[in-house]
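Reviewing the structure listed below.
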Amino acid sequence: MFARTSWRHRSLRSASQAGLVNHLNDGLTWGVFPLLFTDHGLGLATVGLIKGIYPILWGLGQTYTGHLADRIGRKPLIVWGMLLQAAGFVLALVLLAHPLLAGISSAVALGIGTAMVYPALIASVSDHVHPAWRANALGAYRFWRDIGYAVGALIAGALADTLNLNAAVSAAAALTAASGLLAARWVSDRRGPWTEPPPRRRGCPGRLPPRGRAHRDGGGPSARSRSP
């Protein structure tokens with residue numbers, strides 16, 4: 001099931017890579033942004049404000065973007081959310097001569113972009129897996145998503161040490177844009193019926209009966225118990 005979610009299934013593969021890059025951005029900004037903006041004259045309180053805007057918009061925005069994903073589909077939010085995050089990194093560099101404006105603009109773009117992506121990715125995974133192995137698939141997806149924190153911190157440290165902070169931000173912009181383009185190619189908004197059966201394992205408590213079984217049996221066990 002891990003291989004199916006990570007690579008074999010086209011839409012699940014896309015969700016896994018996008019989730020990883022999404023959290024890579026968060027890990028990278030925690031490591032790079034404080035150093036980048038303090039180097040350009042901002043105080044620690046201002047840097048804290050910039051970093052606070054990002055998760056506030058991320059958290060609040062999901063209350064709307066989750067509803068929107070149910071109305072217009074998962075794919076537009078995933079693709080445009082990743083591209084908006086990439087634009088946030090570009091803004092951080094382009095406006096760096098005005099560090100406060102650069103920080104706030106970048107945080108707003110990253111926060112809104114992440115809010116667009118976050119609920120849509122989880123919903124996309126759920127759309128493409130049978131209920132009998134949905135938790136298993138979500139566990140594999142969340143492995144890739146959450147390991148993005150570590151990957152982002154490692155990439156940020158390596159690039160900042162060998163090159164500079166600007167290179168780390170540029171790499172994040174390129175990776176995020178590439179992830180959005182891959183999502184545009186791979187993600188499908190088609191929902192069940194599921195094209196692949198649930199895994200067959202002896203004694204698996206998550207197995208579900210075929211559709212219509214209760215109806216064919218005349219309403220399930222209670223109906224059979226009433227028959228003479």
Side-chain angles (χ1 to χ4, degrees), residues 1-29 54-92 106-131 133-149 151-152 155 171-196:
M1 196 56 56
F2 183 84
R4 186 181 301 181
T5 306
S6 302
W7 180 252
R8 293 177 184 170
H9 191 286
R10 187 184 181 97
S11 287
L12 297 181
R13 174 174 73 223
S14 179
S16 295
Q17 64 84 22
L20 186 150
V21 174
N22 185 64
H23 275 199
L24 177 151
N25 293 342
D26 194 26
L28 187 143
T29 57
Y54 177 10
I56 287 173
L57 291 176
W58 171 358
L60 291 177
Q62 290 179 92
T63 60
Y64 174 72
T65 58
H67 172 70
L68 191 61
D70 288 333
R71 293 181 61 86
I72 68 172
R74 323 315 189 185
K75 185 173 183 175
L77 290 172
I78 294 171
V79 173
W80 289 108
M82 297 304 293
L83 294 178
L84 182 57
Q85 289 181 66
F89 286 115
V90 173
L91 289 173
S106 177
V108 169
L110 285 167
I112 295 174
T114 306
M116 293 169 66
V117 167
Y118 216 76
L121 282 174
I122 297 175
S124 180
V125 173
S126 297
D127 288 344
H128 290 91
V129 295
H130 193 283
W133 56 282
R134 186 167 291 160
N136 198 338
L138 285 170
Y141 158 73
R142 290 202 58 169
F143 166 81
W144 290 114
R145 189 192 73 177
D146 294 344
I147 205 173
Y149 284 125
V151 174
I155 290 177
L175 285 172
T176 309
S179 177
L181 295 176
L182 285 176
R185 180 176 177 83
W186 286 342
V187 170
S188 170
D189 268 336
R190 183 189 59 78
R191 309 183 191 182
W194 302 278
T195 56
E196 299 182 22

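Only this structure's heavy atoms are used, side chains among them; waters, hydrogens and symmetry mates stay out. A quick note: this is a predicted structure, and the numbers were derived from the prediction, not measured.
- Side-chain atoms of H23 come within 3.5 Å of backbone N or O of R145 as a donor-acceptor pair.
- Side-chain contact between Y54 and V108 is absent, with no heavy atoms from C-beta onward closer than 4.5 Å.
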Do any side-chain atoms of residues 82-92 form donor-acceptor pairs under 3.5 angstrom with protein atoms, and if so which ones, sequence neighbours left out?
from: Q85; atom 1: OE1; to: N25; atom 2: ND2; distance (Å): 2.9
from: Q85; atom 1: OE1; to: T114; atom 2: OG1; distance (Å): 3.4
from: Q85; atom 1: NE2; to: N22; atom 2: OD1; distance (Å): 2.9

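- Minimum interatomic distance between L57 and A107 (heavy atoms only, all atoms of both residues): CD1-O, 4.3 Å.
- Qualifying ring-ring contact (aromatic ring centres under 6.0 Å, His included) partners for W80, counting only residues two or more places apart in sequence or in other chains: none.
- L68 meets the side chain to side chain contact (heavy atoms under 4.5 Å, CB included) test with Y64, I72, L77; sequence neighbours excluded.
- Atom CG in L60 sits 10.5 Å away from atom OG1 in T65 (nearest 0.5 Å).
- Every residue two or more places apart in sequence or in another chain that forms a side chain to side chain contact (heavy atoms under 4.5 Å, CB included) with L175 is listed here: L24, I155.
- Between L181 and R185, every side-chain heavy-atom pair lies at or beyond the 4.5 Å cut-off.
- The shortest side-chain heavy-atom distance between S14 and L182 does not fall under the 4.5 Å cut-off.
- Taking 4.5 Å as the limit, some side-chain heavy atom of D26 sits within range of a side-chain heavy atom of W58.
- For Q17, the side chain to side chain donor-acceptor pair (under 3.5 Å) criterion is met by S179, not counting sequence neighbours.
- The aromatic ring centres of H128 and Y141 sit 6.0 Å or more apart.
- Across A183 and I78, no two heavy atoms sit closer than the pair CB-CG2, 3.8 Å.
- Taking both residues in full, the closest heavy atoms of V187 and S124 are given as CG1-OG, 4.3 Å, listed atom of the first, atom of the second, then distance.
- The NZ atom of K75 sits 8.0 Å away from atom OG of S11, with the distance rounded to the nearest 0.5 Å.
- At least one donor-acceptor pair closer than 3.5 Å links the side chain of R74 to the backbone N or O of A69.
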